[in-house]
Engineer: 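Structure in C-alpha cells, see below.
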Amino acid sequence: MAQSGSESTRTYSRSSTGVGGGSTRRSLSSMSTTPLSLQHAINIDGNKPAVIIEIGAQLTKIGFAGEFSPRNIIRTEYMDEALIVQRDLFNGVDETKKSSLSRLFHFFKHIYFTHLLTVPRERRVVIIESLLTPSHIRRAITVVVLEMLEAPSILFAPSHLMATFPFNTNTALVFDLGWTEACAMPIAEGITMLSQWEAVGKGGKAVTKRLKELLEKDGIVEDLDGSRRPLSQGDWHVIDQAKLLEDILVRGVFVTRMSRADAIRIGEKPDPQPSEMILPMGTEMLVVPGHVRELAAEVLFDSSSEDEPGLHEMIHNIVARCPLDLRKKLFSRLLVVGGLAHMPGLLPRLKAEIVRLGETRQLKTTDSVGFYMLEKCRMESWMSWLGGSMFGCLSDTLTHRSLTKEDWMENRRLSDCTHWNDPFEKAGLVKTRA
Amino acid sequence: MAELLQLDRILYECSCSEWAPLCRLFYCRHCSILRCHSCTANEIDCTFCGTCLENVAVGEARTRKNRCVNCYQCPICCSTLSAHNSGEAIFLSCSTCKWSTFESDIQQQATAGNWKILENPHEEELSCVLDQMKQYELNEKAQRDILKRRSNVVGSRLTDRFGLQQMYQKRKQALERPTWLAPEKEPITVLDELYDSHFTSIVDLSKSLSLESRIMQPLSRGSECRPIRMPLKGRRVLRCTQCTHNLSKLEYSPSSIVFKIQYFARTYVPEIRLWQETKLAEGGICPVFISVVNESVAKADVVLLANNDDSSLECETPVVEFSLPPHDENSDNLSHSISSLTPEDDTIILRKRNRVGLKLCVKVDEVREMNILSLILKWKNELTSMTSDKGQEWRETRVKVLLGKS
Amino acid sequence: MDAELQVHPRAVVCNESIITGSVTIGADSVVHPKAIIRATKGPIVIGERNLIEETALIENTNEDGAPLVIGDDNYVEIGAVVRARSIGSRNVFGIQCVVGAEVIVTDACSIGVRCSVLKRGDLAPRTCVYGEHNQRRTAAIDPEPPTSLLEVLRKVFPSYHHLKKATVSSA
C-alpha cells in the first residue's frame with residue numbers, strides 16, 4: 001500500500017500541466033536554486049526542448065529552444081509533389097476551409113520532417129510573430145499546428161520583445177527591417193509600448209524595386225565580344241530566373257555616407273566613384289554601375305512624402321510620442337534587426353541622419369545615439385529567433401502562457417498578447433488555464 | 001498521348017473530402033476507408049545520412065544536431081565534398097564549384113572527418129543572460145504561488161520534523177530578487193563610417209557569399225566558409241489517424257526500398273484510367289472511353305454510377321456493373337489473346353484479364369475550361385477489410401474525371 | 001586516314017575517332033572513339049597527357065587560321081563543345097559544356113557541366129564556371145588532372161580498339 005502511495009505522488013509531481021489549483025506537492029526543480037547554466041534545454045514534458053519557428057516573408061528560421069543559433073534558415077516556400085515551388089503560403093487562408101490551409105500545412109510538415117526530424121506531437125511550439133500579424137493568419141497557424149499537426153501547445157511571441165532578450169535589456173527601440181516593411185516599436189521597462197508602433201513599407205522589397213528601376217535605366221550588358229550595350233527588356237527573363245536582383249542586393253548594394261548622399265541629391269558625382277559589379281547573366285555579363293549600387297538603398301532615407309517617411313524620421317516620430325524621460329534613453333538604445341540590417345554602412349548612416357534631424361529640430365536627446373550590437377557575429381537577421389529560443393527555455397512560463405490543444409479545441413479562442421488576463425476567464429465564463 | 005497518363009486527371013475522394021489521384025492514396029483495412037497524405041500522421045522511423053547511408057539512432061542524431069559526422073557539403077553550391085590527400089594531410093574539395101578547404105581558415109587536417117564547425121562567439125554571454133532569465137522566472141513563479149497558497153504561516157513555528165523548515169527556507173529564497181545580475185550589454189555609440197575602400201574595391205564574387213550560402217551557415221559573417229556537415233534525412237512512416245495502424249513502412253535499412261507494410265490504395269480499389277482522349281463537341285452526346293483495372297489479388301465486383309452534379313457533365317449511362325478477376329502476375333502477357341473483341345453491350349467494349357474497357361455516353365451542353373465527369377465507384381473486394389466476413393460489404397467513393405477541351 | 005594527322009608513339013588514339021584536318025596529338029594523350037577533332041580553319045596541336053572523351057568536339061574556328069594550341073593535362077569530358085582560340089594546361093571541360101570561339105582558356109580553369117563560356121577574351125587562370133546560371137568564381141587550387149584514368153585507358157584501349165598508327169613526329 002505504501003508503495004502505491006509513493007508511486008502516485010511521484011507521477012503527480014512530474015506532471016506540470018493542468019492539475020488544477022491547490023496542489024501541495026511541486027516538483028523539486030521548481031524550488032531548488034541549483035545552478036542552471038548547464039541545463040539550457042530544460043525538461044518540458046520529458047526532456048524535449050520546444051520548437052521555435054519564425055516565419056518571415058522571405059526566410060523562415062527554425063530550431064530548438066536553448067540553442068543559440070537556428071538549426072536551419074530556409075526560404076518561406078516548399079516544393080510540392082509536382083515539383084512546383086509554392087510560395088504564397090498565406091494567400092487566402094481561412095481557418096474554416098481546410099483546403100486553403102493545405103499549403104501552410106505542407107510547409108509545416110516540410111519543416112518538421114525534412115529539417116527538424118521530429119514529430120510535432122512531442123514538442124511545444126513557439127511562433128515568433130510580428131505584432132502586426134492579422135488575426136486570421138494567426139488563427140490559421142493555430143489550426144494547422146494544433147489541429148492538423150497535433151502539437152501539444154502553441155505560443156505566439158512578439159518579435160520586437162524577443163529581440164531584446166539577448167541583450168539583457170529592459171528598454172530599447174527595436175527596429176525590424178524586413179522584406180515587406182520596416183516596423184519599429186519601443187520597449188520600456190520590459191513593456192512593449194504598443195500604441196507607439198510605426199511601420200513603413202521600406203524594406204527589402206522596396207530596395208529591390210528601386211534597384212530594378214535603376215538598372216532598367218542604367219544597367220549595362222557586356223556582350224560576347226566585350227562591347228557594352230544597355231540592358232533591354234528581353235534580359236529581364238534571365239535576371240529573374242537566376243535571381244540576380246537578390247544577389248546584387250546581398251553582395252553589392254551598400255548604404256553610402258550622408259555627405260555623399262547629399263551631394264548626389266543635388267546632382268554632383270562625389271569622388272571616388274564606387275566600382276561596378278559584374279556578374280554572369282546567362283552567357284553574357286551584367287554590369288551594375290557603381291552609382292546604382294550606391295543609390296538603391298537611398299529609398300530607405302527618402303523623406304519625400306508624409307505617408308512614407310525615411311527610417312530616421314520614423315524613429316524621431318516614435319520617440320516624439322513617448323514620454324519625456326524615455327526619449328534620451330530610447331535614442332541611445334536602438335536595436336536594428338532583420339535581414340536588411342546586414343547592409344554595409346547602414347548603421348553609421350542611420351546614426352548620422354538621426355543626429356542631423358535632431359539638430360534641425362533642436363533636440364538635445366540625440367546627442368548620444370547608440371546601437372545594440374553583438375559585434376563578433378552578425379546575427380541581426382535572426383535576433384528575434386534567438387530571443388525566442390532563450391524564452392523557450394523557460395519551461396514554467398511556457399506552460400503558463402501557451403495555448404494548449406485541449407483549450408483550443410474547446411474554446412477556439414486565441415488571445416492577443418494583450419489579453420493574458422482574460423476578462424472572460426475572470427468572469428468564470430471560460431475554464432481557467434493551468 | 002502522354003496527357004492520358006497525367007496523374008491529376010482522375011481524382012478519387014478521400015475520406016477527409018480531399019481529392020487526390022489514386023497513386024497518392026492509401027487504404028486502411030482496419031477502418032476500411034481511403035486515406036490521403038493530409039489525414040495520415042507522419043512519424044520518423046529512422047534517421048540516416050543521404051550520402052553515406054549510415055543509420056544514425058534517433059537519440060544520437062539529436063546530440064549531433066541532425067548532421068552526419070563523416071559527410072560534408074560545400075558552403076557555396078551544396079554539393080558533396082570529397083576528401084583528397086595532399087602529402088600527409090587531407091583536404092576537402094567540391095567537384096562542382098571547385099571550392100576547397102584551402103579557402104577556409106582550416107586548410108588541411110589529419111583526419112577526413114570531424115572538421116570543426118563555426119561556433120557562436122557570444123555563447124558565454126548569452127548563457128549568462130539565459131541563467132538570469134531563469135532566475136527571474138523562478139521568482140515570478142514563487143510570487144504566483146503565493147496567490148494560490150492559503151497559509152504561509154507554516155514556517156518558523158514548526159519543528160523540523162517533517163522537513164518543512166527546509167522547504168520554507170527555499171521558498172523564501174525564491175521570493176527574493178536575485179542579487180547576482182548578468183551584466184547588461186552596453187550599446188555601442190562609436191561606429192566606423194563606411195570607408196571608401198569598402199565600395200571602391202572590386203566586388204569579388206568568390207569572397208562575398210550569396211544569400212544561399214549565408215543562410216546555410218547562420219554563424220558565418222558573410223565571408224567565412226567552413227565545410228557544412230551534411231544534414232540527415234528521416235524515413236517516414238505513415239499511420240492512420242483513426243485506428244493508429246501503420247499504412248506504409250519501409251524496411252529498417254536506409255538503402256532498402258522494400259516495404260514492410262504497404263497499404264497502397266491501388267491494390268484495394270479498382271483503378272480507373274483514361275483510355276482515349278475525348279473530343280467534346282458542344283450540343284451532342286460524346287463517348288468517353290475509360291478502362292477499369294483491378295490490381296488486387298482477389299476478385300472485385302464493380303459498379304459505376306453516374307453522379308450528375310451541377311458542375312459536372314451529364315452522363316447518360318446510368319449504371320455499369322461488372323466483375324473483374326484478380327491480377328495475376330504469373331500469366332503471360334502475350335500468350336493470352338484479348339478475350340473478347342466483340343463488345344458485350346454498348347458500355348462494356350473490351351475485356352482483357354483484369355481490365356475492362358468502357359464507353360460512357362456524355363451529354364455536353366457547353367464546353368468549359370474544366371470539364372468534369374463525376375462518377376460514383378462502388379466495389380466489393382474481400383481484401384478491403386481485415387475480417388473476412390466484413391470484406392463482403394460494398395465500399396463506395398466518388399471519382400472525378402477531368403476531360404480536356406475538344 | 002588523314003596524312004596530316006600526326007600521332008605520337010605513346011599516344012592512344014582510337015580508330016573510330018573522327019579526326020579531320022591537320023591535327024597533332026602529343027605523348028600519353030588518349031582520344032576516345034567517336035571523339036571529334038576538326039581542324040576546320042587551321043591546324044590543331046594537342047599536347048601531352050590530354051584526355052578527350054567520346055562525342056566531345058574540338059574545332060579550330062580561328063578566323064585568321066592560327067593553330068589551336070592545346071596544352072597538357074587537359075580533360076575534355078563527354079559531349080563538350082570546345083571552339084576556343086587557344087587552351088592552356090590542366091583545364092577541365094565538363095560534360096556538354098560549350099566554349100565559344102575567340103575564348104582564350106588559360107590554365108587550371110574548370111568549366112562545369114552544361115555551362116557556357118562564350119565571351120571573347122581571356123578566361124583568367126583557375127576560373128571555375130558552375131551551376132545552372134553560369135556562375136563564376138576563382139578557385140584556390142588546380143582541378144585534379146585525370147592521371148589515373150589515363151593510365152587505365154592507355155592499358156585497356158589497345159585490347160579493345162584499333163588504334164591510329166603512330167607517326168614518327170619530328171618534335
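Everything numeric in this text was worked out from a predicted model, so none of it was measured. All values below come from the heavy atoms of this structure, side chains included, with hydrogens, waters and symmetry mates left out.
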Engineer: Is it the side chain or the backbone of B:Glu125 that comes within 4.5 Å of chain A heavy atoms, both, or neither?
Structural biologist: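 For B:Glu125, side-chain heavy atoms alone lie under 4.5 Å from chain A.
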
Engineer: Is B:Arg64 salt-bridged to B:Glu60, going by a charged N under 4.0 Å from an acidic O?
Structural biologist: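 Yes.
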
Engineer: Go through the atoms of A:Tyr372 and report whether side chain, backbone, both or neither lie under 4.5 Å from a heavy atom of chain B.
Structural biologist: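 Both backbone and side chain.
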
Engineer: Looking at B:Arg226 and B:Asp105, is there a salt bridge between them, counting it only when a charged N and a carboxylate O are closer than 4.0 Å?
Structural biologist: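 Salt bridge: yes.
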
Engineer: Top residue by heavy-atom pair count (under 4.5 Å) with chain B, among A:Gly345, A:Cys377, A:Gly63?
Structural biologist: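 Among the listed options, the one with the most contacts to chain B is A:Cys377.
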
Engineer: With A:Thr256 as reference, evaluate A:His291, A:Arg349, A:Glu294 under the side-chain hydrogen bond (donor to acceptor under 3.5 Å, both in side chains) test and give the passing residue.
Structural biologist: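 Exactly one candidate clears the test, A:Glu294.
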
Engineer: For B:Pro218, which atoms come within 4.5 Å of any heavy atom of chain A: side chain, backbone, both, or neither?
Structural biologist: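 Looking at B:Pro218, backbone and side chain both touch chain A.
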
Engineer: Examine whether an atom of A:Met390 lies under 4.5 Å from a heavy atom of chain B, and if so say whether it belongs to the side chain, the backbone or both; otherwise answer neither.
Structural biologist: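 Both backbone and side chain of A:Met390 come within 4.5 Å of chain B.
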
Engineer: Looking at CZ of A:Phe165 and CG of A:Asn170, how far apart are the two atoms once the value is rounded to the nearest 0.5 Å?
Structural biologist: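 It comes to 9.0 Å.
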
Engineer: Identify which part of A:Phe254 has an atom lying under 4.5 Å from any heavy atom of chain B, answering side chain, backbone, both or neither.
Structural biologist: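 Side chain of A:Phe254 only, per the 4.5 Å heavy-atom cut-off to chain B.
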
Engineer: Given that the side chain runs from C-beta out, which part of A:His342 has a heavy atom under 4.5 Å from chain B: side chain, backbone, both or neither?
Structural biologist: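 For A:His342, no heavy atom lies under 4.5 Å from chain B.
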
Engineer: Chain B heavy atoms under 4.5 Å from A:Asn72: which part of the residue, side chain, backbone, both or neither?
Structural biologist: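 Just the side chain, heavy atoms under 4.5 Å.
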
Engineer: When heavy-atom pairs shorter than 4.5 Å are enumerated against chain B, which of A:Pro348, A:Gly370, A:Ser275 gives the highest number?
Structural biologist: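 Of A:Pro348, A:Gly370, A:Ser275, A:Ser275 has the most heavy-atom pairs under 4.5 Å with chain B.
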
Engineer: When the ring planes of B:Tyr195 and B:His198 are compared, do they come out parallel, tilted or perpendicular, using 30° and 60° as the limits?
Structural biologist: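 Judged by the thresholds at 30° and 60°, the geometry between B:Tyr195 and B:His198 is tilted.
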
Engineer: Could you look at B:Asp196 and say if it's the side chain, the backbone, both or neither that has a heavy atom under 4.5 Å from chain A?
Structural biologist: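 Both the backbone and the side chain of B:Asp196 come within 4.5 Å of chain A.
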
Engineer: Using a 4.5 angstrom heavy-atom cutoff, name the option from B:Thr241, B:Ile44, B:Ile202 with the most pairs to chain A.
Structural biologist: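 Result: the option with the highest number of such pairs is B:Ile44.
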
Engineer: Answer with side chain, backbone, both or neither: which region of A:Leu386 has an atom nearer than 4.5 Å to a non-hydrogen atom of chain B?
Structural biologist: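 Only the side chain of A:Leu386 comes within 4.5 Å of chain B.
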
Engineer: So, does A:Ser389 use its side chain to make a donor-acceptor pair with the main chain of A:Trp385 at under 3.5 Å?
Structural biologist: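 No.
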
Engineer: Could you tell me which of A:Met148, A:Arg378, A:Lys376 has the largest number of non-hydrogen atom pairs under 4.5 Å with chain B?
Structural biologist: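 Among the listed options, the one with the most contacts to chain B is A:Lys376.
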
Engineer: Just give me the residue among A:Glu150, A:Glu67, A:Arg75, A:Met277 that pairs up with chain B most often, heavy atom to heavy atom, under 4.5 Å.
Structural biologist: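 Max contact count across the listed options: A:Arg75.
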
Engineer: Output the option from A:Gln273, A:His106, A:Lys109 having the highest count of non-hydrogen pairs under 4.5 Å with chain B.
Structural biologist: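 The residue among A:Gln273, A:His106, A:Lys109 with the greatest pair count is A:Lys109.
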
Engineer: Name the member of A:Leu116, A:Leu249, A:Leu374 that forms the most heavy-atom pairs with chain B at distances under 4.5 Å.
Structural biologist: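 The candidate making the most pairs under 4.5 Å is A:Leu374.
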
Engineer: Is the side chain of B:Asn246 donor-acceptor paired with the backbone N or O of B:Ser248 at a distance under 3.5 Å, no angle test?
Structural biologist: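 Pair absent, no side-chain N/O of B:Asn246 close to backbone of B:Ser248.
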
Engineer: Using heavy-atom distances under 4.5 Å, tell me whether A:Thr118 contacts chain B through its side chain, its backbone, both, or neither.
Structural biologist: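 Backbone only.
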
Engineer: Give a yes or no answer on whether the side chain of A:Asp80 reaches the backbone of A:Leu83 with a donor-acceptor pair at less than 3.5 Å.
Structural biologist: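 Answer holds: yes.
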
Engineer: Any side-chain heavy atom of A:Val250 within less than 4.5 Å of one from B:Ser210?
Structural biologist: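 No, too far: nothing below the 4.5 Å cut-off.
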
Engineer: Would you mind reporting whether B:Leu118 and B:Gln217 have side-chain heavy atoms less than 4.5 Å apart?
Structural biologist: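 The answer is yes, as the side chains (C-beta and beyond) meet within the 4.5 Å cut-off.
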
Engineer: Looking only at atom types and distance, does a side-chain atom of B:Thr47 sit under 3.5 Å from a main-chain N or O of B:Val56, one as donor and one as acceptor?
Structural biologist: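 Present.
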
Engineer: Do B:Glu193 and A:Lys351 sit within salt-bridge range, that is, some charged N less than 4.0 Å from a carboxylate O?
Structural biologist: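 Judged by the 4.0 Å cut-off on N to carboxylate O distance, B:Glu193 and A:Lys351 do not form a salt bridge.
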
Engineer: So for A:Thr397, is it side chain, backbone, both, or neither that comes closer than 4.5 Å to the heavy atoms of chain B?
Structural biologist: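 Answer is both: backbone and side chain atoms of A:Thr397 are under 4.5 Å from chain B.
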
Engineer: With a 4.5 angstrom heavy-atom cut-off, is it the side chain or the backbone of B:Asp204 that approaches chain A, or both, or neither?
Structural biologist: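 Neither part; nothing is under 4.5 Å.
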
Engineer: Contact part of B:Ser201 toward chain A, heavy-atom cut-off under 4.5 Å: side chain, backbone, both or neither?
Structural biologist: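 Just the backbone, heavy atoms under 4.5 Å.
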
Engineer: Check the angle between the aromatic planes of B:Phe264 and B:Phe26 and answer parallel, tilted or perpendicular using the 30° and 60° thresholds.
Structural biologist: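 Taking B:Phe26 first and then B:Phe264, their aromatic rings sit tilted (interplane angle of 30° to 60°).
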
Engineer: Please classify the contact between A:Leu279 and chain B as side chain, backbone, both or neither, with a heavy-atom cut-off of under 4.5 Å.
Structural biologist: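 Backbone plus side chain of A:Leu279, per the 4.5 Å heavy-atom cut-off to chain B.
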
Engineer: Check each atom of B:Leu7 against the heavy atoms of chain A and say whether the ones under 4.5 Å are side chain, backbone, both or neither.
Structural biologist: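 For B:Leu7, no heavy atom lies under 4.5 Å from chain A.
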
